[in-house]
Structures are given as C-alpha cells and as structure tokens.
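So that the names make sense, note that chain A is the first sequence line, chain B the second, and so on, each numbered from 1.
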Number of protein chains: 2
Amino acid sequence: MSLRHAVLGLLERRPSTGYELTQTFDRSLRTSWQARHSQIYPELAKLEAAGLVEVVGHGARGSKTYAITPAGRAELRRWLVEAQPDRSQRSESGLRLFLTPLLDQADRRATYERDLAHVEHELTALEELRSGMEPTTDPEVFAAQVELGIRINSVLRDWLLEQIETAGEPEGADQ
Amino acid sequence: MSLRHAVLGLLERRPSTGYELTQTFDRSLRTSWQARHSQIYPELAKLEAAGLVEVVGHGARGSKTYAITPAGRAELRRWLVEAQPDRSQRSESGLRLFLTPLLDQADRRATYERDLAHVEHELTALEELRSGMEPTTDPEVFAAQVELGIRINSVLRDWLLEQIETAGEPEGADQ
DNA sequence: ACGGTACATGTCAAAAATGACATGTCAAGA
DNA sequence: TCTTGACATGTCATTTTTGACATGTACCGT
C-alpha cells in the first residue's frame, strides 16, 4: 500500500491538487512509483476520510487543493522510519535485461542499442536538470537524487556499451 | 502483461516445474519482477491453453515439467525485440529514497544507514556469486548481469555513504 | 466568435497481484 | 514410528492497478 504514502509524501513537500499530483507522479516519480489520475482521486478521498489530508482551498475549474494533516505527517514518518521496507521491485526494463542474453547476436545487439539510446536520453535530461537547478529554490536536498540518477544511468550506459562491443561472443541458451 | 513473458523467458532458459519457476522468481528475478506461486500456476495453465508452453514430463509429488514451444519462443522474441518497452517501474525502495529528504536529520540518517546495510549485504551476495561462478556451466552470459548488479549497488553504496557523511546540512521541507 | 489545448475531476469494468486457505507427497533425522 | 520441513500444486476472495468512458472549464490565438 505504497500509493497512500507516495501521495502523503508529495503533499508533505507542498499542498497540491489531484491534477498536480498526477503530473508529479508522471514526471518525477515514474522511475519509482507510477499512478494514474484514476487511482489518485479516489486515494485522496480515502485519505481525507481517514483524516490524513484535508482540502485547504478551492481554485479555478473546480480544483481542490489538498494538504497533509498532522495525523498524515505522523503516518508518513511512521512508514518511512518504522515500517519494514519491501525491497522487491517491478521493472519491465529489468526483466528485459535479464532475458536479453537469450536472443541471438543481432537481436541482442539491437535491443541493447535501443536501451542505450534511452539511457543517453535520460542522462541528458538529468544533466540539464542538474545545471538548471538553482540552490536557492526549495529542492536543494533533491539535488542529491538527481546526482544518484545520473550515476546509475552512467553505469547503465557503460555496461550497455560494453555489451555492444563484446557482441559476437559465445551465447546463452541459443543454438 | 510481463508475467507471461517472464515465465516464457525462464522456460526458454530451461524446462521447469511451477515450483522451480516460483523459486527462480524469488531468487533471481526479485529485483526485476516478482510473482507468487498463486500467479504462476494459473499463468502456466493459460500459456499451455494458448500453445506457448507444453508439459514435457511428470515427476515426483505430482510435479509437471513445462517447456516452451516454438510458438512460445516466437512470442518471446517478438516481445523482446519488437514490443515497445514500458520503462516505468515500481519500487518501494525508490519511493522511500525519494521521500527520505523530508525527514529530520536523525531519522534521515537512520534510514540511510538501514539502506546501506541492505546494499552492503546485496553486494556481498553478488560478489560471492561472481567468484563462485564457473564459466563452464551454462550462465556465462549471465556473468554480465551479476557485474551490472555489483556496479549499481556500488553506486548506491557510495551515494548513501555520502548522504550519511553530509548529515547535518540544510534540510528539505522540515522546519 | 471559435477551436484547440491544457486544466481538472470523477467513475467503472476488467485485469493483475496478493495473501490466505487447502491439500497432499517425499525424505531425513530423532 | 513420528514429526518436521522442503517439495508441489492448486483455488479464491480481496486489493490494487489499468484503460476507457464521461464531463466540464479556462485560456490563447486566430
């Protein structure tokens, strides 16, 4: 039940509308937790019923701004600090990487190159984010996360480059 | 619908029983895709009905060994090579890392240290795996994946170490 | 004034995933 | 002989997630 804590966490960062949360899920959280608006709006309603968030304002086009309550903050902290983390993951890309050695050389190379293009693209976006980040605005602590993203993608890029260069080597379960 | 392809991929590596697949999901695939036996057995039945896998043997305790069929192999290749990868992920640990800056210094440090312990543990396991791996047995290609796991966990370890050392710096959304 | 797009919130059926329940076998050690 | 634990397969109610449907508003450019 991480969705609840993801929402709570985003509202701890700043009060937001469901629409804004949906965008943040899609832009910043897509590599850790995704959620569609069809999940977010009902979750906000449940959270409000449980007293963990509250509506603090009504804006244009019927928008409602939610903020975390003290009870919500306590629950968020409890989850972050005391709850046993579930280390398992769901990553289609990870699964593909795991299975790629089953392909013949040409297909293997093609999929690694496709992945490499994606990683380079991510890396560029993260580097732009880093250079465009002013330490005066709120996210100074989040700079560390951008840095982590860059490092992980760099490792991935180097590894993919090695796999592509080593193509032609003995294969796995192929004939 | 990645479960189907995960099962197909594992059966491409070697024919297995549902029980063996469950173990592989838990041991090798837990960082990319998890699945319980309650999902695996019905999936095998569906895959068999679709002609993508077949029962190739009956063993002790009513066990059934499944193997991939040519149609299954074709579908696996199609998915790996032609299907558009879904790059989104679900990772509670990633979410926690994203939200950790919201905690006060003491809590933040404690959670980073908990994560560090886990990463060190993973790293030890992967390094043992690497040194115990004989290049004569089947997984020669999978050595690259172990290597990738080691590199990513090393990056994570270094980053966590830095975060712990830098503790006491200005914080995020806390007062 | 009109049309397109981004903003904004919701519902719901269907699919995927979890956790509990249920049942039984085989081997090893006490 | 008995009991424990690993092996082995299954079902099912509930929860979570997705994708489609549904509806309406505010702003911007022409």
### Message
Set out, in order, the CA-CA distance, both residues' side-chain angles and the distance that settles salt bridge (charged side-chain N to carboxylate O under 4.0 Å, His left out) for A/Arg114 and A/Glu120, then state yes or no.
### Response
CA-CA 10 Å; A/Arg114 177 184 61 188; A/Glu120 305 264 30; over 6 Å; no
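Pairing each heavy atom of B/Leu148 with each of A/Trp159, the nearest pair is CB-NE1, 3.5 Å. Closest non-hydrogen pair, A/Tyr66 versus A/Leu11, comes out as O-CD2, 3.5 Å. The nearest pair of heavy atoms linking B/Gly9 to A/Leu99 is CA-CD2, 3.7 Å. Taking each heavy atom of B/Ser16 and B/Glu20 in turn, the nearest pair found is CA-OE1, 3.2 Å.
Between B/Arg61 atom CZ and D/dG5 atom C1' the separation is 11 Å, expressed in whole Å. Distance NE2 (A/His58) to P (C/dG10): 10 Å, rounded to an integer number of Å. If you measure from atom CZ of A/Arg4 to atom P of D/dT17, you get 12 Å, rounded to the nearest angstrom.
Only at 4.0 angstrom or more do the heavy atoms of residues 82-90 of chain B sit from any atom of DNA chain C, so none qualifies. For DNA chain C, the neighbouring residues in residues 27-47 of chain A, judged by any heavy atom under 4.0 Å, are A/His37, A/Ser38, A/Tyr41.
Set against D/dT9, C/dA16, C/dT9, the side chain of A/Lys64 has C/dT9 as its closest nucleotide.
Take A/Asn153 and apply the side chain to side chain donor-acceptor pair (under 3.5 Å) test, not counting sequence neighbours, and it matches no residue.
Atom CZ of A/Arg4 is separated from atom CG of A/Leu52 by 6.0 Å, given to the nearest 0.5 angstrom. The CD atom of B/Gln89 sits 8.0 Å away from the OG atom of A/Ser32 when rounded to the nearest 0.5 Å.
B/Gln23 comes within contact range of the sugar-phosphate backbone alone, with a heavy-atom separation under 4.0 Å but no base atom that close.
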